[in-house]
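Fair warning: this is a prediction, and the values are worked out from it, not measured in the lab. Residue numbering restarts at 1 for every chain, and letters A, B, ... go by the order of the sequence lines.
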Amino acid sequence: MIEFLAAAIRIATPLALAALGGILSERAGVFAVGLEGMMLAGAFAAAIGAWATSEPIAGLLLAPLGGGVIGLAVAIVAVRFRADNMVTGLAVNVLALGLTSYLMRILASGGRPVSMRLPLLTALPIPALSDLPVIGPLLFAQPPLTYLTALGCLLMTLFLNRTQAGLTLRATGENPEAVFASGGHPARVRMLAVIACGAVAGLGGAVLTLQQVGTFTDGMTGGRGYMALAALIVGRWTPWGAAAACLVFGAAEAFELRLQSFGVPVSSYVVQMAPYLIALTVLAGLGQSSKLPAAIGQPLPSTR
Amino acid sequence: MSDAAPAADQTARLQTRRLRLRRDGLGSRIGVALLLSLLCAAALIALAGHNPLEAFLAIVQGAVGSQHQIGASLNRTTPYLLSGAGVALCFRAGIINIGAEGQIAVGGAGAAAAALALAGAPSLVAIPLALVGGALAGSLWAGLAAAIHLGRGVHEVLVTLLLNFIALLLVQQLLAGPLGQPGAGFLQSSLMPRSAWLSHLAGFDVHAGILIAVVAAAALSFVLWWTRFGFALRVSGSSRLAAAYAGFSLARLTWGAMLTAGALAGLAGGIEVLGMHRRLIEGFSLGFGFKAVTVALLGAMEPLAVVPAALFVGLLESGSLAMQRQIGVPTALITVIEGLTMLFVLAATAARR
Amino acid sequence: MTLKVSHRWGGSLAASLFASLFQAAPPAAAEEKAAMLLPGSINDQSWNALGYSILLALKPHGFTTAYTENVADSDEAEALRGYATQGYNIVMGHSGRFVSAMEQVAPDFPKTQFIAVSGNEGAAPNVMSIDWNNAQFGCQLGVLAARMSKSKMVAGVYGLEGVPNITAQAGGFRICATKAGAKVSILYVKDMEDSAAAKEAALSLIAQGADVITGKLNAAEAGLVQAAKEKHVYVTGRGVDQTKMAPDAVLTNIVEDWPAMFGKTADEVKAGKLFGNFVQYGYDTAPVTGGSLVYDADKPFNPVVPAAVVKELDDMAGQFKAGTLKVEPTREDARGGS
Amino acid sequence: MSMMLDMRGIVRRFGHVVANDAIDLDVAAGEIVGLLGENGSGKSTLMKVLFGMLPPDAGTISFRGQPLTGHTPAAAMAAGIAMIHQHFMLVDAMTVAENVMLGWRDAGRLLRRKEMADRIRDVSRRFGLDLDPDARVAALSLGRRQRVEILKAILRNAELLVLDEPTSNLASAEVAELLTVLRRLRQEGKGIIFISHKLPEVLEICDKVVVLRAGRVTGRTSVAGASQGMLAEMMIGRDVTAPRPPMVASSPGPARLSVKDFLAPGLARLSFEIRRGEIFGVAGVDGNGQIELVEALAGLRPAGSGAITIDGHDVTRASVAARLTRGLAYMPADRGTTALVKTMSVAENLMLRDSGRPPYGHGLLLTRGPANAKARALMADYDIRARDPSFIAGRLSGGNQQKIVVARELDRRPAVLIAHQAAWGLDPGATHFVLDRMLALREAGAAILYVSSELEEVLAISDRIAVMARGGFAGIVPRGEVDPRQLGIWMAGRAA
């Protein structure tokens, strides 16, 4: 059981970080369909940083930059040029996939394969706490980015509810006119929010490279950005809610792996549908009750 | 109606069509966007230490360098054209359907199942029925998305996306089970009966799919501009309030657009199976969904303009293989170009909205 | 097959005119050339990287080489044709999935040898598949795992359930590990390239008590090794690189000897011979066995493997060679679950 | 007494239209100035100029002795001017406190929630605002929401408050509360500009009144000694009862549109009939249920209870399409996104609601040839000035756009026409044209519901006039018996 929960936490971590970023973007009023690309770019930048310096910490520093670049692209096209948010998100996902693969080869000089063995961020047990039964190993012996995710949920909650900037950001997603009337700059808020979204989601990608597998491969995010997007909707655009939804998705995937080993009479392909079916069922169950930020996806008037 | 009206209206119609494409300088804006993305690509090629001109030349050669290659490029264009036209129709109506990938996959499976079941039937029966099977399957999958979207209010992007993942697994399951070829070296169905193969056009190594696709795009354009349904779609895509005011049912329009797009994507899957692979094979639809979106955008959501857009992507991809073969520029570059093109076109076409 | 060669010359005037504008210079005739199509990226540090190494291994046989990576299913036929048109003698596809496309293209290029790496069928007179005997090596890994397991629970992680060479290795593993007294659990993951997901799968198996993990994945194989390294259980890998990742955890790797498997064929193709069959290498085709178990450059196994076990495995190899031992796994043997 | 605000000779043009023509306005501390005027008289333009949202073409503004030129809304706010819009600039999903803190420096980068809540309670008590800082705005009544805006202004040390139509959305009890709040503000030495049409309120609360009509100041008086009638005349003009088109008294036939005990959200119970050959005009300040009424009749909002019949057929729950076949035409006020599809051509907009009928369509198909011919004919008939039927509607002037709507809805020869703000934003010529067409339709026997906040228009063409206030009719009067003072009183929300 502990192991099952631990698995859920591990699977949820990159999703939750990405979802945290997505909350910034969506609460500012821009659909976060680009999470997949931001994660991938973050994973790539993290790998490059760690590979070039042999220091995972360098990767950690570079990851937000990678994701942020994709965020910047979304900000320019979707906010500045007021293009459709959804399609812009899809476009940067394609771009990130292509760009990371291509740059990977350039770095490997002339297209030869790079064998990237990255130093991994290892678990940092918190003294005393990690010795607690059950929750000790589960919660207090985690690698740094997992702590960061939990911390991120806390900080994000505080940011959104307790700071002027967070207040302005939320208001921009609800009623940009009110922000403008109170002397704010909705377009600037949205652009910054989307770029920050990229940076945080980039860290989510770094979880994969720096904390879980220690290498970068093409398209290694494999749809996790989309799951994070679903999670933040299920979690109603709140950090803890999204994290909880990610845990549910993580649990669904962990359950899927365990279900196979019970030897169910259907093939692995059917079992593998489980996480998607669960996500779809939860979304359908929420139905229209999941209220979007009021002004999401609506371009700002061009004068502002 | 006056006597002179028909002739006058003929010219007016032509003008309308031309205007529509030239409106806001849309055509030239898309042109500039394409140019910009190619410039970026050139920079990336140079970064990799290759000569951009040489690489582009290789792409052109690979795409249209011989009769055969022209044919190959057209074959490549076919699924993009079909699914892209369907996606364009949905976009027109303001429905963001990114489920083409799943619909193509399921459509391919539907066509393969039908063709295998029709072994022994003459081509004239087998091919149309198999294609109808594909279209029906694709429609069904899109209909499922529409039902969840309309019935439960889940955003169509999420529904179609999640259904893509499920569709791919479903096809794998079919290939590992009932549709699989026993003893094959890979997840694939048996070879389709020869009577179900799409025939090639004389003189070119191009299967009849491209004709079907062009006809379908033309038909879709007709639907969009010459039918009440198309009119309603365009109205609802521009303003949902106006659509309600005009007395159109948004739900019914969503069903119509999704089922049509699903049928076209399913048809694309069927054509891939009957014309290219001649069997259902694992992963045959990978990446088509996003291409459909690219193509729809490039084509400014006008089914007829999707034809050159699909051709562009088809030529680009078919040429890219030659580029890697001859110069060694990684094919990932093509994905970069597609992503950049989407972004630039989005920025260029949204600026005037 | 349906392509009529004559059509290639009978097209419209405009098209040929257009074509001639872009036609590349005709390839020099005497050169021996080999090309490889890879389904994934050569950067996956696993299956596709291996494919790339096969290609490089043909250089000593006098071939100049080229490759195309990330070939999508829908591009396969075109990519094969592209190389064949350019006069490549050998055009390889690095997966069983290429057989279908080769079957279609081959008749137009009767002088080109098409080879599907790890396919399991010959198709046309010039389409062959080469693979190694997954069942034999899977079986050996099964015995090794069972002997090294303290919990007597061993596990394998695979992708693409139902593909024959996967069935062979996973099934062989289960048959022989079960015979050697261990409980076997097999898991299929959705994506053979997703190492994070594969690692999670391995961790779930370890959590259920498995203490030796094996598998046949591509980029995702690294995830298995990473999981074993973290949880201090044994694992088998797919190349000496993976020993370097976790020298304590890796028991051995199946190192596929594609250069040897290809070398002979390549030489004969150069001499003008063509093949249309399925060649499966194994202990019974020695000296080229198609693969071997390698820990690092000079050792087949991790030093922790007791001599008795090493001997047992050697004996098995001998029995395979002599034909006294045969493993023929079925889909049922390779089923997911325990 | 030195003036707090001093606006001198403000001129602002939009194209050929002079929205503000040399307007002077001054406000002293502790003074409430009423700014009166019909819709389109130039009040909002003047306020936008004051608030820095539009630069004036000529004129000066000085505020507390400092000149304000080329300023932004932010600078206006910083100087101490606060604008309370008719449409509140509030975030519904947030609490009162959050709305107050939004964009306010004093709230701190790290929000001092507790301190703010205390200050809100404090000010709320002092000015009688009665606001709970933790209440969610979405759950508040409109009156409360308005007080949130006032609270924001007070907390930000605004010296001059501009209230734009502050009572138009309020219930009468709330109006009284608002006036109490304003008196408190006056006591505290704030200057207030009170923009309204509503004479009784203006007389009750203001110290002096400035009246605008057609961009000019037509009256300037202290309230002491002013009467409603006098203000109404300044505001509306003297010739209100003179019909522009000569009208023959109609001989009304049987009822074509009948509404019985109709009740829907935003509406008080309504019963009325419009007969054959009759124009029934509905006047009143915007936001008193007009949009709810016309959309319910048009089938765009679900009906509550009661019955609507057209020529005896019950259409209470009929779809838009079914109402169309019964002969109901509708010209919505929202030209931009409802009545027109701006990205589509003139021809397509002309067939928007008739695409299934000849000459526009036949069965499932559109018949473009006949449709284009028809479009040309309509363009000629209705003087729609576009190059050809394929011209994009959104590129036409507002007048030409409205003519498309008029042409489409009238050409159907409807049994019943609902026209909402049908002449809004049109120049006099175009207005005249539209009104003429309606009169022609009336002659042809249709029943017309003409809803507008432009009193002159309503008076010009209606056979009977109703004034809408608070979701119901404050009074109905036949054309011959119109008394402008009485109308003004009704518009202010006093039932007859």
Side-chain heavy atoms of D:Glu98 within contact of A:Arg170, under 4.5 Å: yes

Return the minimal non-hydrogen interatomic distance between D:Met89 and A:Ala181, and the atom names on each side. CG-CB, 3.7 Å

So which atom in D:Val91 and which in A:Ala178 form the shortest heavy-atom distance, rounded to 0.1 Å? CG2-CB, 4.0 Å

Taking side chain as everything from C-beta outward and backbone as N, CA, C, O, which of these in D:Arg109 sits under 4.5 Å from a heavy atom of chain A? Side chain, backbone, both or neither. backbone

Pick from A:Thr168, A:Asn161, A:Val179 with the largest number of heavy-atom pairs that fall under 4.5 Å of chain D: A:Asn161

For atom CD1 of A:Ile57, decide whether the heavy atoms of other residues, nucleotides or ligands shown that lie under 6.0 angstrom number more than 12. no

Identify which part of D:Leu102 has an atom lying under 4.5 Å from any heavy atom of chain A, answering side chain, backbone, both or neither. both

Give, as side chain, backbone, both or neither, the part of D:Met101 having an atom under 4.5 angstrom from any heavy atom of chain A. both

So, does A:Arg162 use its side chain to make a donor-acceptor pair with the main chain of D:Arg112 at under 3.5 Å? no

How long is the straight-line distance from OG1 of A:Thr163 back to CG of D:Leu111, given to the nearest 0.5 Å? 6.0 Å

Considering residues, nucleotides and ligands other than A:Arg188, do more than 12 of their heavy atoms fall under 6.0 Å from its CZ? no

Do you know which of A:Pro293, A:Gly184, A:Ala171 has the most heavy-atom pairs with chain D at a distance under 4.5 angstrom? A:Ala171

Using side-chain heavy atoms (C-beta onward) and a distance below 4.5 Å, is D:Met94 in contact with A:Leu167? yes

Can you tell me how far the CD atom of A:Glu174 sits from the CG atom of D:Asn99, to the nearest 0.5 Å? 10.0 Å

Answer yes or no: does atom CZ of A:Arg80 have more than 12 heavy-atom neighbours from other residues, nucleotides or ligands under 6.0 Å? no

Quick check on D:Arg317: does its CZ atom have over 12 non-hydrogen neighbours (other residues, nucleotides or ligands) under 6.0 Å away? yes

Tightest non-hydrogen contact, residues D:Ala107 and A:Gln164, listed as CB-NE2, 3.8 Å

